Novice: 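Below is a structure I'd like to ask you about.
Being a predicted model, the structure only gives us computed values, none of them experimental.
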Amino acid sequence: MSIEKRLQEKAVELLSEKKVDVVVGYEAGTLPYQAAPCFIENPDDEGRLVLNPFCSVNLAKYVHDILMAHKASQKRMKPEQRTKKVVGVVARGCTTRSLVIHLQERQYERDQIFIIGVPCRGYVSKKKLAAAAGGKEITACAIINDRLSFTTPDGTKEIPLESVLAESCLSCRYNNPVISDVMVGDPAPPMKPDSEYADVDAFEAMSGEERWNYFAEEMKKCIRCYACRNTCPSCYCKVCFVEQSQPRWVGVSVDESDTQAFQIMRLFHMAGRCVDCGSCVDVCPMGVDLRKFLKKLDKDGYNLFAHRAGEKMEQQPPLSVHSMDDKDEFIYEP
Amino acid sequence: MEKKVIKKDALAGIVKKLAGQMPVYAPVQDQDNVLFKILEQGMEPMLDFGNTRNAPKNCFFPQAETMLKYFRTERGRELAGVVEGAPEAVLFGVRPCDARSFILLDYVFDDPKYKDTYYMERRRKTAIVTLACVHPPSTTCFCTSVGGHPMSSEGADIVLADLGDRYLAESLTDKGAAILKKFGDLANADDAALAKKKELSEKSEKEIKSIIPGNDIKPWLDANFDNPFWDTIHKSCLACGTCTYLCPTCHCFDITDEVKRDGGRRIRSWDSCMSWLFTQETSGHNPRTSQKERWRQRLLHKFRYFVDNYHAIACVGCGRCVQYCPVNIDIRKIVTDISKL
């Protein structure tokens with residue numbers, strides 16, 4: 001039985017047995033290379049669920065949104081009228097790590113989520129796919145085993161699927177769920193995590209000026225639509241500092257320094273909290289390379305604190321805890 | 001007006017030469033994206049592209065602009081306006097859908113009652129050169145469903161059509177005729193060129209396969225403000241501004257004062273109905289409490305309120321929001337779904 005079919009059966013089972021109120025998953029999109037997040041509340045709708053390499057966005061963001069909205073709706077109710085909401089979520093490795101971060105940060109209780117773990121062999125980067133098609137429109141797209149074929153007005157072409165997988169996926173260390181309530185499908189073979197910091201190493205080798213110039217150039221592309229922030233499961237501040245007006249931290253105009261300030265602040269807020277799901281890169285309409293900077297923070301988190309975000313429930317994020325054996329040389333030797 | 005033909009390989013040179021005389025906005029390749037930018041030395045205008053990532057509205061209605069400045073002085077408060085005379089400019093390589101967006105934006109910014117001096121100054125001084133779509137650039141194009149046409153000259157001062165071996169250039173306004181003169185000595189168009197354009201125009205229209213019932217949903221929208229349908233479209237929305245910022249017709253703006261010590265400036269910047277700050281009142285109250293209401297606003301503004309106010313749909317069918325929505329919320333599907341209710 002295909003993994004998709006098993007996933008659909010699991011959704012029916014969970015919804016019919018009232019174990020969950022909603023299953024957050026993916027459905028087929030309206031474009032040949034897209035899958036869209038979907039929310040199944042009725043067991044009869046289970047047929048909409050798909051699972052393929054076009055499923056890109058990290059669904060943990062929606063789990064948080066749904067549970068927060070529910071919490072807010074319960075506020076003015078009498079205690080006896082309050083209900084519990086359980087969200088089922090189709091989760092691959094990175095999604096489960098984001099859920100772990102939510103749990104560690106006490107956003108909701110473990111029994112409010114039901115994790116339907118799925119193996120992952122990487123998702124297709126829309127940007128890489130567009131580049132492979134030479135910027136021409138893709139009118140059809142199909143994946144057969146490890147090959148991807150796409151059709152443009154110039155004809156049909158077949159390429160290795162790996163050549164268009166997102167950078168985050170190629171060097172992913174956790175492509176199988178780190179926690180789950182039920183696992184659908186067999187674990188996926190490992191990706192190539194040993195190369196995960198190759199990009200960062202090259203970036204670190206550059207001079208400070210070169211690094212700043214690279215950052216400044218990338219930020220010039222940003223149109224401040226905040227898609228990166230909004231898709232990020234770790235970006236859940238009720239009011240983001242960029243939107244605060246008393247005081248106003250960041251100007252509303254398109255001044256370069258304002259855009260840089262927003263991105264720098266967001267990046268630093270991700271220290272020890274970024275699972276490298278690649279969603280922010282995937283959703284950016286302008287193709288800003290955010291990953292390099294996030295990965296640098298991730299590398300520092302590992303080197304300084306032996307911490308990988310969302311890896312284990314027991315391991316708290318480094319900036320949330322203090323331990324007597326924390327490295328502290330940097331305080332004296334900047 | 002004038003009808004001329006331009007040799008295929010001469011056009012890029014003409015545009016670059018023009019850019020030496022006045023600001024010329026043209027589509028240029030900027031890393032992965034094709035963007036409208038002011039053509040500078042060494043930049044190559046693109047002639048063969050689908051459509052630009054960003055809409056050209058930025059040229060007249062920038063994402064942020066200073067409206068006025070103020071200072072606290074010993075004499076009291078002083079104001080300084082910043083309406084500067086815009087230079088004569090050319091906006092080159094606009095697709096017909098985007099050119100049409102300016103007609104819609106004019107309804108708002110050049111209203112008989114309210115004239116937006118900031119927008120109008122730039123709009124009046126800029127000639128728009130449309131590059132007609134002899135083939136629809138994308139399967140997500142649906143201009144014909146919302147009152148447009150792939151070879152339309154609406155909103156253009158000059159319209160260029162690629163006839164295969166040469167371009168047909170037609171000026172439609174005095175502003176266009178003046179710019180066409182600057183293109184240099186060009187041969188007059190013959191009947192064959194005009195016939196070819198007509199043929200291409202009919203062919204291109206047929207090639208648009210994405211058809212939506214854009215004109216049919218108004219009565220439903222008028223009557224169904226509280227319909228449960230509105231609970232179904234927003235759930236996956238990230239509430240980012242991609243759709244509204246890339247949209248050629250979205251024109252909501254916000255006005256903010258930025259104060260530093262003894263002075264400040266008043267800035268107008270794009271607003272987005274997708275943002276939770278949209279219509280947020282000073283008290284903290286927002287009549288649109290969730291993404292559901294914001295999505296309803298987006299749909300109703302485009303397909304109901306704008307039609308009531310200006311007798312046109314505030315959508316030109318460029319398909320940018322369809323292509324670039326990170327979570328694939330497809331306005332074509334929404335409109336089609338509504339038409340079936």
Novice: Below 4.5 Å from any heavy atom of chain A, which atoms of B/Trp276 appear? Answer side chain, backbone, both or neither.
Specialist: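 Just the side chain, heavy atoms under 4.5 Å.
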
Novice: Considering only heavy atoms and a distance below 4.5 Å, find which of B/Lys235, B/Gln323, B/Met274, B/Arg332 pairs most often with chain A.
Specialist: B/Lys235

Novice: Picking from A/Ile66, A/Leu31, A/Thr139, A/Leu59, which has the most non-hydrogen pairs under 4.5 angstrom with chain B?
Specialist: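 Option with the top pair count is A/Leu31.
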
Novice: Donor-acceptor check, side chain of B/Asn33 to backbone of A/Gly287, threshold 3.5 angstrom: yes or no?
Specialist: no

Novice: Between B/Leu35 and chain A, with a heavy-atom cut-off of 4.5 Å, which part of the residue counts as in contact: side chain, backbone, both or neither?
Specialist: side chain

Novice: With a 4.5 angstrom heavy-atom cut-off, is it the side chain or the backbone of A/Val57 that approaches chain B, or both, or neither?
Specialist: side chain

Novice: OG/B/Ser138 to CD1/A/Ile138 distance, rounded to the nearest 0.5 angstrom?
Specialist: 11.0 Å

Novice: In terms of heavy-atom proximity below 4.5 Å to chain B, should A/Thr231 be classed as side chain, backbone, both, or neither?
Specialist: both

Novice: Please check if the number of heavy atoms outside B/His234 that lie under 6.0 Å from its NE2 is greater than 12.
Specialist: yes

Novice: Which atom pair, heavy atoms only, marks the closest approach of B/Thr242 to A/Cys225?
Specialist: OG1-SG, 3.6 Å

Novice: More than 12 heavy atoms of other residues, nucleotides or ligands under 6.0 Å from CE of A/Met265: is that the case?
Specialist: no

Novice: Check B/Ala64 against A/Ser253 and note the closest heavy-atom contact, atom names and distance.
Specialist: CB-CA, 3.5 Å

Novice: Side chain from CB out, backbone as N, CA, C, O: work out which of these in B/Pro62 comes under 4.5 Å of a heavy atom of chain A, or both, or neither.
Specialist: neither

Novice: Side chain, backbone, both or neither: which part of B/Thr66 has an atom under 4.5 Å from a heavy atom of chain A?
Specialist: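 Neither part.
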
Novice: Please look at A/Glu41 and chain B and tell me whether the side chain, the backbone, both or neither of the residue comes under 4.5 angstrom of a heavy atom of that chain.
Specialist: side chain

Novice: OH of A/Tyr62 to OG of B/Ser236: how many Å apart, nearest 0.5 Å?
Specialist: 5.0 Å

Novice: Using modelled atom types only, decide if a donor and an acceptor are shared between the side chain of A/Glu137 and the backbone of B/Thr139 within a distance under 3.5 Å.
Specialist: yes

Novice: Nearest 0.5 angstrom please: A/Met286 CE to B/Tyr324 OH, how far?
Specialist: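 Interatomic distance, A/Met286 CE to B/Tyr324 OH, rounded to 0.5 Å: 9.0 Å.
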
Novice: Quick one: closest heavy-atom pair of B/Cys240 and A/Ala227, and the distance?
Specialist: CB-CA, 3.3 Å

Novice: At a 4.5 Å cut-off on heavy atoms, which part of B/Val34 comes close to chain A: side chain, backbone, both, or neither?
Specialist: neither

Novice: What is the minimum heavy-atom distance between B/Ala239 and A/Asn230, and which atoms define it?
Specialist: O-ND2, 2.7 Å

Novice: Considering only heavy atoms from C-beta outward, does the side chain of B/Asn328 approach that of A/Thr30 to under 4.5 Å?
Specialist: yes

Novice: Are more than 12 heavy atoms, taken from residues, nucleotides or ligands other than A/Lys128, located less than 6.0 Å from that residue's NZ atom?
Specialist: yes

Novice: Any heavy-atom pair between the side chains of A/Lys61 and B/Leu238 that's under 4.5 Å?
Specialist: yes

Novice: Evaluate the side-chain proximity of B/Gln31 to A/Glu218: yes if any heavy-atom separation is below 4.5 Å, no if none is.
Specialist: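 SC-SC contact between A/Glu218 and B/Gln31 confirmed.
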
Novice: Contact between B/Leu246 and A/Ile223 at the side-chain level, heavy atoms closer than 4.5 Å - yes or no?
Specialist: yes

Novice: Looking at A/Lys136, I want to see if its NZ is surrounded by more than 12 non-hydrogen atoms of other residues, nucleotides or ligands under 6.0 Å.
Specialist: no

Novice: Do other residues, nucleotides or ligands put more than 12 heavy atoms under 6.0 Å from the CG atom of B/Asp48?
Specialist: no

Novice: Is it the side chain or the backbone of B/Ser272 that comes within 4.5 Å of chain A heavy atoms, both, or neither?
Specialist: neither

Novice: Got a second to check how far B/Thr256's OG1 is from A/Arg248's CZ, nearest 0.5 Å?
Specialist: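 The distance works out to 5.5 Å.
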
Novice: Using modelled atom types and a 3.5 Å cut-off, is there a donor and acceptor pairing between side-chain atoms of A/Asp282 and backbone atoms of B/Pro326?
Specialist: no

Novice: Relative to chain B, which segment of A/Tyr226 carries a heavy atom at a distance below 4.5 Å: side chain, backbone, both, or neither?
Specialist: backbone

Novice: Please look at B/Cys243 and chain A and tell me whether the side chain, the backbone, both or neither of the residue comes under 4.5 angstrom of a heavy atom of that chain.
Specialist: neither

Novice: Give, for atom CG of A/Asp65 and atom OG of B/Ser290, the distance between the pair rounded to the nearest 0.5 Å.
Specialist: 11.5 Å

Novice: Applying salt bridge (charged side-chain N to carboxylate O under 4.0 Å, His left out), name anything that partners A/Asp276, two or more places apart in sequence or on another chain.
Specialist: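 So A/Asp276 forms a salt bridge (charged side-chain N to carboxylate O under 4.0 Å, His left out) with A/Arg291, A/Lys295.
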
